[in-house]
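Just so we're on the same page: letters track the sequence lines, and every chain starts at 1.
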Amino acid sequence: MSFSQKVLQWYQEHKRELPWRNTKDPYKIWLSEVILQQTRVVQGTPYYHKFVKAFPTVQDLANASEEKVLKLWQGLGYYSRARNLHATAKIVVTEYEGKFPDTYEGLKRLKGVGDYTASAIASISFGIPEPVVDGNVYRVLARYFGVEIPINSSQGIKYFKTLAREVMDRKNIRDYNQAIMEFGAIQCAPKKPYCLLCPLNDGCSALKENRVADLPVKLNKTKVKQRYFNYLVFLDPQMRTQLEQRKGKGIWQNLYQFPLVESEKLIDGEELRTQIQALDLENQIKSISLRNKEPVVHKLSHQHLHTRFWMVELAKDLKEGISWKQTIDFPVPVLIADFIKTFKI
DNA sequence: AATTCGGGGAG
DNA sequence: CTCCCAGAATT
């Protein structure tokens, strides 16, 4: 039996029932694929249900506000996915008569749709013989065929795409693409795969050479940058606070947060006070008190945010104050959501 | 070719 | 702690 046939047979016996497996609707396939980019199935599934319920069609998504989309996306991370999702929905509705492109090239032109996602939609929705290469596929192919080329080198990206194309089942690409990913996720797992029971253990190069743990090869560990955040949690006489939207480049674009003072290192109340003076606060400050003596360390994949929350009591009302209750309506980073959740006035 | 985008779960 | 997840866009 061929490589692809073995994978397909394993899939028939072991596949999970997932909500997007029962449709070919390109809208729902696209939605599921974007949600699952760099995201585990168990983490993404609740979001898929939320989005399908809130936006049954691409028109519903296009007609929504970006804030509503971001709010639904809150907690999933990589928020450019949500912004691009919304932008693409608008394009599909206004320029493509509500229909998704039915070619790989057409799909690839959509914002937030790269090589993997275009291949996934093309194959799953339209049966186009285009191989998907995600993290699972890299692992399965690298191990089975004993490929030592780093998967995140430009050479590796080309090599694995070509290899994936050679071994795919073009007659049944819809199932095959999902099968090899599922196989990588469940059977050929990153750590301690149970090779003894693997249907591919016969021809697996890595198993034969005892290098399962060494493949795939991956380069470049990102260095983590340390940042120091001081959030100003204003409270005016009406017990209202203030949120502002993050603009420009960097993390959490278009999400909301408390007014932020970033510093080069941990600072005390005195230093913070001088920083705030520069902001020319119109509302005079009655008091500043630190909520958390030990900074909350919020860890992103490439930066650690050492965060202090300062309660700033004001003598005068804020111009655009928000009642504490309303803060939960805004899309915010998990760091802020956790604080709002635990903070009781 | 490298870096930058989040958050969570497994080991 | 480290690694990695149905990756894409930007520099």
Side-chain angles (χ1 to χ4, degrees), chain A residues 11 15-16 18-21 29-48 70 73-85 87-88 107-124 131-140 150-158 160-161 164 174 176-186 188-193 213-214 216-225 227 246 248-255 297-305 331-338:
Chain A
Y11 183 60
K15 72 173 176 182
R16 294 169 288 185
L18 301 176
W20 47 86
R21 288 225 211 273
I29 299 300
W30 164 70
L31 181 59
S32 70
E33 292 300 343
V34 174
I35 286 173
L36 292 173
Q37 287 167 7
Q38 289 293 285
T39 304
R40 293 171 190 280
V41 167
V42 287
Q43 187 186 3
T45 299
Y47 286 84
Y48 175 79
L70 284 172
W73 199 273
Q74 181 179 310
L76 197 53
Y78 286 164
Y79 296 94
S80 66
R81 290 185 293 169
R83 298 191 302 271
N84 288 334
L85 191 82
T88 290
L107 289 162
K108 185 97 163 36
R109 291 189 202 105
L110 303 175
K111 280 187 186 174
V113 177
D115 181 75
Y116 163 79
T117 304
S119 301
I121 302 171
S123 60
I124 296 172
V132 294
V133 184
D134 73 334
N136 295 307
V137 177
Y138 278 123
R139 186 168 53 254
V140 173
I151 62 174
N152 55 344
S153 65
S154 50
Q155 186 197 355
I157 292 169
K158 284 183 184 175
F160 280 96
K161 180 82 177 182
R174 182 171 190 267
Y176 171 77
N177 271 343
Q178 296 183 78
I180 188 168
M181 289 191 285
E182 189 81 340
F183 182 82
I186 308 293
C188 195
K191 292 165 186 172
K192 296 187 176 181
D214 303 329
V217 175
K218 200 171 181 180
L219 297 175
N220 306 335
K221 285 168 194 168
T222 62
K223 338 167 199 178
V224 177
K225 183 181 179 182
R227 300 178 70 180
R246 286 185 70 97
K249 302 191 178 300
I251 59 174
W252 302 334
Q253 271 177 54
N254 294 6
L255 273 67
V297 184
H298 188 73
K299 294 178 177 177
L300 308 181
S301 49
H302 55 294
Q303 40 187 296
H304 289 180
L305 311 176
V332 298
V334 167
L335 174 62
I336 302 297
D338 285 348

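- Between the side chain of Y78(A) and the base of dG6(B), at least one donor-acceptor pair of N or O atoms lies under 3.5 Å.
- Distance L335(A) CG to dG6(B) P: 12 Å, rounded to the nearest Å.
- Residue H302(A) places at least one side-chain N or O closer than 4.0 Å to OP1 or OP2 of dC5(B).
- Here G75(A) lies in heavy-atom contact (under 4.0 Å) with sugar-phosphate atoms only.
- The distance from the CZ atom of R174(A) to the CZ atom of R21(A) is 9.5 Å, given to the nearest 0.5 Å.
- Comparing atom distances between the Y116(A) side chain and each of dA9(C), dA6(C), dC4(C) picks out dA6(C) as nearest.
- Among the heavy atoms of the strands, none lies under 4.0 Å from I35(A).
- At the heavy-atom level, T117(A) lies under 4.0 Å from the strands shown only through sugar-phosphate atoms.
- Side chain of I251(A), nearest nucleotide from dC4(C), dG8(B), dG6(B): dG6(B).
- Side-chain contact of Y116(A) with E33(A): a donor-acceptor pair under 3.5 Å is present, judged by distance alone.
- Within the 4.0 angstrom heavy-atom criterion, no nucleotide atom of any strand lies near V132(A).
- For the pair R246(A) CZ and dG6(B) P, the computed distance is 9 Å after rounding to whole Å.
- As judged by a 4.0 angstrom heavy-atom cut-off over every strand, R21(A) is placed among the base-contacting residues.
- Atom CZ of R139(A) is separated from atom C1' of dC4(C) by 8 Å (rounded to the nearest Å).
- Between the base of dG6(B) and the side chain of T39(A) there is a donor-acceptor pair shorter than 3.5 Å.
- A straight line from CG of L300(A) to P of dT2(C) spans 15 Å, rounded to a whole angstrom.
- Taking each heavy atom of L255(A) and P333(A) in turn, the nearest pair found is CD2-N, 3.6 Å.
- Using a 4.0 Å heavy-atom distance criterion, W20(A) is classed as a base contact.
- The shortest heavy-atom contact between Y47(A) and W73(A) is CE2-O, 3.6 Å.
- Residue Q253(A) is classed as having no contact, given no heavy-atom separation below 4.0 Å to the nucleic acid.
- Between N177(A) atom CG and dG7(C) atom P there is a gap of 13 Å when expressed in whole angstrom units.
- Using a 4.0 Å heavy-atom criterion, one finds that D115(A) contacts the sugar-phosphate atoms exclusively.
- For K191(A), the listed nucleotide lying nearest its side chain is dC3(C); candidates were dC3(C), dG6(B), dA6(C).
- Of the residues I35(A), L18(A), V34(A), the one that meets the side chain to side chain contact (heavy atoms under 4.5 Å, CB included) test with Y48(A) is I35(A).
- Summarising the geometry, the separation between CZ on R40(A) and P on dG7(B) is reported as 16 Å, rounded to the nearest angstrom.
- Backbone-only contact: G250(A) has heavy atoms under 4.0 Å from sugar-phosphate atoms and none from a base.
- Using atom C1' as the reference point in both dC5(B) and dC5(C), the two lie 15 Å apart (nearest Å).
- Among the atoms of the strands shown, none is found under 4.0 Å from any heavy atom of I29(A).
- Nucleic acid contact class of S80(A) (heavy atoms, under 4.0 Å, all strands): none.
- V42(A) comes within contact range of no nucleotide atom at all, as no heavy-atom separation falls under 4.0 Å.
- Note: OH (Y79(A)) to P (dT10(C)) measures 19 Å, nearest angstrom.
- Residue contacts shown for V113(A) are limited to sugar-phosphate atoms, with no base heavy atom under 4.0 Å away.
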